[in-house]
Number of protein chains: 2
Amino acid sequence: MSVGIRHDDLRRRNRAMVISAVRRAGQPSRTEIAATTGLSHSTISAISSDLIQEGILTESKPNEAVSLKRGRPQVGLALNPEATAVMTVVLSLNFLSVAVIDYAGQVIAEEQRRLDTAIMPRDELIGECVAIVRRRFEDPDLDVRGVARIAMGIQGITDTHARAMLWSPITPQTDIAFADILEAEFGVPATMENDCNMMAVALQWRDPERYRDDFIAILLSHGIGMGLVLKGELFTGTHSSGGEFGHMIHRPGGALCRCGRRGCVEAYAGNYAIWRNAKQMGEDAEPVDVSDADMRSLAARARAGDGPERQAYRKAGEALGFGLGSLFALIDPAPVAMVGVSAAAFDLIEPALREAIAQTAGGQHSKSISFDTEPNELPLIREGCAMRALTFVDQEIFAPGVQVKGGATGKNVA
Amino acid sequence: MSVGIRHDDLRRRNRAMVISAVRRAGQPSRTEIAATTGLSHSTISAISSDLIQEGILTESKPNEAVSLKRGRPQVGLALNPEATAVMTVVLSLNFLSVAVIDYAGQVIAEEQRRLDTAIMPRDELIGECVAIVRRRFEDPDLDVRGVARIAMGIQGITDTHARAMLWSPITPQTDIAFADILEAEFGVPATMENDCNMMAVALQWRDPERYRDDFIAILLSHGIGMGLVLKGELFTGTHSSGGEFGHMIHRPGGALCRCGRRGCVEAYAGNYAIWRNAKQMGEDAEPVDVSDADMRSLAARARAGDGPERQAYRKAGEALGFGLGSLFALIDPAPVAMVGVSAAAFDLIEPALREAIAQTAGGQHSKSISFDTEPNELPLIREGCAMRALTFVDQEIFAPGVQVKGGATGKNVA
DNA sequence: ATATTTTTTTCGAGGCTCGAAAAAAAGCCT
DNA sequence: AGGCTTTTTTTCGAGCCTCGAAAAAAATAT
């Protein structure tokens with residue numbers, strides 16, 4: 001299990017450090033990299049000249065503002081956008097999108113497509129995903145020989161090893177090994193990621209100040225999902241993507257959840273739950289899809305006056321609050337990002353949520369718990385997939401024998 | 001934050017690998033160590049001869065059974081018991097115990113003491129702990145110059161960095177930095193650990209087959225505690241020891257918990273909760289201490305016939321089941337060890353517990369969830385503290401400049 | 001034009017791991 | 001009994017890697 005460190009691992013790991021420092025910092029100089037990694041100037045110099053020769057990094061004039069100082073000016077190091085590219089595939093309810101992203105993280109091509117995921121047979125669903133990726137590969141305007149990784153994100157439960165979708169609310173199909181399928185089809189390493197986990201990854205890159213070591217991303221949409229980062233690492237279950245916050249039990253034997261069980265947090269706070277409560281249909285009413293537009297007008301009515309609509313949001317807040325309280329008992333309070341269409345109605349949810357948290361173990365620190373909202377989840381999911389694919393590539397570049405487009409194999413070519 | 005690997009870290013880490021391989025395997029030969037660590041024979045040979053010269057390891061004839069083979073017989077490597085020693089201090093309700101453990105893990109001295117933790121003023125509580133440790137240090141029969149670490153375990157919440165007790169049910173005092181106090185008093189590095197976490201650590205060492213990468217240790221005693229190991233690592237909260245399973249919310253606004261809040265799992269499954277339900281005192285009755293003997297006779301009455309006693313255990317099972325269900329939603333199902341006096345009554349708890357889990361996200365795999373019981377928590381806690389202290393020492397031995405009793409400083413002495 | 005400052009590269013030293021070969025220590029076989 | 005085989009352990013030289021110091025490079029300040 002635990003394995004010793006070989007001599008050549010040293011270089012590999014330190015190369016990884018340098019690349020990740022560049023990806024994180026933008027255009028750091030060699031001196032800055034030496035400072036953040038703790039390695040000596042000589043080592044950084046050697047590694048970065050290798051990486052430049054291999055076409056992974058490029059030198060670029062640093063920000064002009066610095067050149068006011070005297071002394072030899074710093075030379076910024078940047079990721080070479082042409083080093084390679086990655087592809088993201090995001091599958092959500094009735095919607096499929098794909099994007100090609102260069103090594104520096106810029107989107108260079110994309111396609112989006114509506115489809116009826118809920119009623120599509122298995123083969124057709126897989127076929128659509130494969131086809132949309134194939135169209136990218138066959139695009140004559142696009143040089144995609146260099147696609148080094150595909151990261152697919154899906155609403156639903158995936159396995160720990162990021163190979164397969166195990167279960168998803170958007171389709172009756174289960175256990176589709178999308179990662180294996182894409183790998184077999186295109187000969188490119190692929191992973192299958194959970195949407196909320198990717199949201200968390202994206203937040204970490206978007207706002208590393210606020211979302212660094214410990215935070216929670218909660219998707220408030222048709223269902224309730226969560227991506228959790230603890231001690232800087234994405235948290236996953238032991239077998240699945242885990243973090244099924246929406247299916248923690250709020251009230252034993254309570255409202256009917258989309259998952260078929262009773263009393264889940266989602267059965268009070270999912271869009272369908274808010275909807276059926278607002279319409280006073282009872283807690284056993286069959287979950288129905290509610291459009292984003294309908295949810296927005298529901299929120300508007302709830303803001304207009306204190307009727308059953310507002311009460312429905314209150315119930316959602318209560319469920320989320322007690323759920324978070326239980327979660328905080330386990331991991332201690334942490335900043336929360338609320339994402340998705342109902343995050344836009346967080347003003348209606350927050351009072352009851354805070355009141356509920358105050359009655360739980362999280363209550364001691366209820367003031368220090370911060371909430372941030374982001375109504376649109378899809379861009380986050382795609383960004384997360386992109387960063388995930390890119391950091392995988394960053395790591396793979398050190399594995400000896402991996403050919404980088406236009407680059408050498410890792411040995412000195414000089 | 002992330003730091004590059006220096007050249008000398010290499011040796012340190014590989015020394016760590018070797019020591020940990022020896023601690024885990026008992027008396028492995030150099031060849032076996034090479035196999036498990038993946039390092040070359042030459043490296044293992046060099047490192048182990050260093051460690052032997054420094055007095056950390058000793059050679060010992062291997063198990064005789066192997067000598068049937070032909071070829072040069074393997075020489076077993078073992079931890080040198082005299083290399084150093086560690087001390088454990090366990091503070092629980094009305095009970096304080098200390099033990100000195102040699103480097104190989106054998107107890108070489110101990111003392112136990114009853115005291116009224118619940119009513120002791122702060123200074124006296126600290127004083128008792130310091131005094132019992134001092135008596136070990138002053139014992140003329142004991143050569144404790146070599147005590148390299150103190151690990152203290154306490155029932156209650158500790159901070160992430162294992163420095164202080166933040167809150168404990170056994171005393172009204174809060175925020176006692178026991179680790180700092182012991183370090184200042186005796187000049188020996190110390191840590192302050194949570195009791196349930198130490199239970200988990202001990203289980204990992206006791207039965208590495210069953211409890212390796214992912215498992216849950218739950219303390220069923222006056223309160224409900226949890227130690228959680230995920231992916232081989234002890235799980236802690238972001239600020240505290242975390243894993244306060246007992247204070248996840250079972251029923252919002254429900255029964256009165258010892259923590260002052262309502263509806264916690266513990267308010268249904270803690271000894272005091274089982275007791276007041278059995279006595280039909282109502283869910284708001286003030287929590288009272290119940291002796292282990294009383295709990296055992298309560299369990300006996302519950303087994304004798306289906307009255308309020310049995311119903312109380314049923315309620316406890318239900319709360320634990322729904323709590324575990326919520327936990328399993330987050331981390332996926334894993335083996336559970338039930339520890340503490342009420343673990344001896346697990347036969348009364350299990351049916352309702354399983355029924356509850358079946359109604360939760362954990363239900364899909366309810367058959368694969370295994371329960372194991374261990375009525376006595378104190379030996380486990382002490383064992384966990386000992387192993388924790390010893391593995392700390394294992395790691396510290398590589399820090400340059402650390403003097404090991406009778407050993408060299410890490411340079412070749414030859 | 002020279003001095004100063006800061007960044008980057010170069011170069012030799014020291015350490016570490018590795019593979020191959022040698023040495024050591026047993027049982028096996030005639 | 002003595003040589004042979006087998007297995008474990010040690011020894012030795014080669015190849016990398018990082019480091020510190022010094023040199024080189026590239027700008028501004030005087």
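Side chains are part of it too, since the values below use all heavy atoms of this structure and drop only hydrogens, waters and symmetry mates. Just so we're on the same page: letters track the sequence lines, and every chain starts at 1.
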According to side-chain contact (heavy atoms from CB on, under 4.5 Å), who are the partners of B:Thr88, at least two apart in sequence or on a separate chain?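 With neighbours one apart ignored, the set is B:Ala99, B:Ile101, B:Arg382, B:Cys385, B:Ala386.
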Sequence neighbours left out, what passes side-chain contact (heavy atoms from CB on, under 4.5 Å) with B:Ser241? Give chain and number order.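 Partners of B:Ser241 by the side-chain contact (heavy atoms from CB on, under 4.5 Å) criterion, ordered by chain and then number, come out as B:Ile157, B:Thr158, B:Asn194, B:Asn197.
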Base, sugar-phosphate, or nothing for A:Ser45, non-hydrogen atoms under 4.0 angstrom?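 A:Ser45: base contact, heavy atoms under 4.0 Å.
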Under the rule of Watson-Crick or G-U wobble with both distances under 3.5 Å, where | means paired to another strand and [ ] a crossing pair, DNA chain C maps to ||||||||||||||||||||||||||||||
Which atom pairs link the protein and nucleotides 17-21 of chain D when you take only N or O atoms and keep those under 3.5 Å?
residue: D:dT18; atom: OP1; partner: A:Asn14; partner atom: ND2; Å: 2.7
residue: D:dT18; atom: OP2; partner: A:Arg11; partner atom: NE; Å: 3.0
residue: D:dT18; atom: OP2; partner: A:Arg11; partner atom: NH2; Å: 3.3
residue: D:dC19; atom: OP2; partner: A:Ser40; partner atom: N; Å: 2.9
residue: D:dC19; atom: OP2; partner: A:Ser40; partner atom: OG; Å: 2.9
residue: D:dC19; atom: OP2; partner: A:Thr43; partner atom: OG1; Å: 2.7
residue: D:dG20; atom: N7; partner: A:Ser42; partner atom: OG; Å: 3.2
residue: D:dG20; atom: O6; partner: A:Ser42; partner atom: OG; Å: 2.9

Counterpart residues, salt bridge (Lys or Arg N to Asp or Glu O under 4.0 Å), relative to [X] (two or more places apart):
| X | result |
| --- | --- |
| A:Arg163 | A:Asp180, A:Glu183 |
| A:Asp9 | A:Arg12 |
| A:Asp213 | none |
| A:Asp102 | none |

Closest nucleotide of DNA chain C for A:Glu59 versus for A:Gly71: which of these residues is on the 5' side?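 Result of the comparison: A:Gly71.
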Whole-Å gap separating [atom2] ([N]) and [atom1] ([X]):
| X | N | atom1 | atom2 | value |
| --- | --- | --- | --- | --- |
| B:Arg13 | C:dT17 | CZ | C1' | 16 Å |
| B:Asp9 | C:dG14 | CG | P | 20 Å |
| A:Gln74 | C:dT6 | CD | P | 11 Å |
| B:Arg30 | C:dC18 | CZ | P | 17 Å |
| A:Arg70 | D:dT30 | CZ | P | 6 Å |
| A:Leu51 | C:dT8 | CG | C1' | 16 Å |

Measure the OG1-CG distance between A:Thr191 and A:Asp159 for me, rounded to the nearest 0.5 Å.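 It comes to 10.5 Å.
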For the pair B:Arg11 and B:Asp50, find out whether any cationic side-chain nitrogen is under 4.0 Å from an anionic carboxylate oxygen.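 Yes, charged N to carboxylate O under 4.0 Å.
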Identify which nucleotide among D:dA27, C:dA24, D:dA29 has an atom closest to any side-chain atom of B:Arg72, counting heavy atoms from C-beta outward.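 The closest nucleotide is C:dA24.
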Can you name the residues that form a side chain to side chain donor-acceptor pair (under 3.5 Å) with B:Glu383, not counting sequence neighbours?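 B:Arg206.
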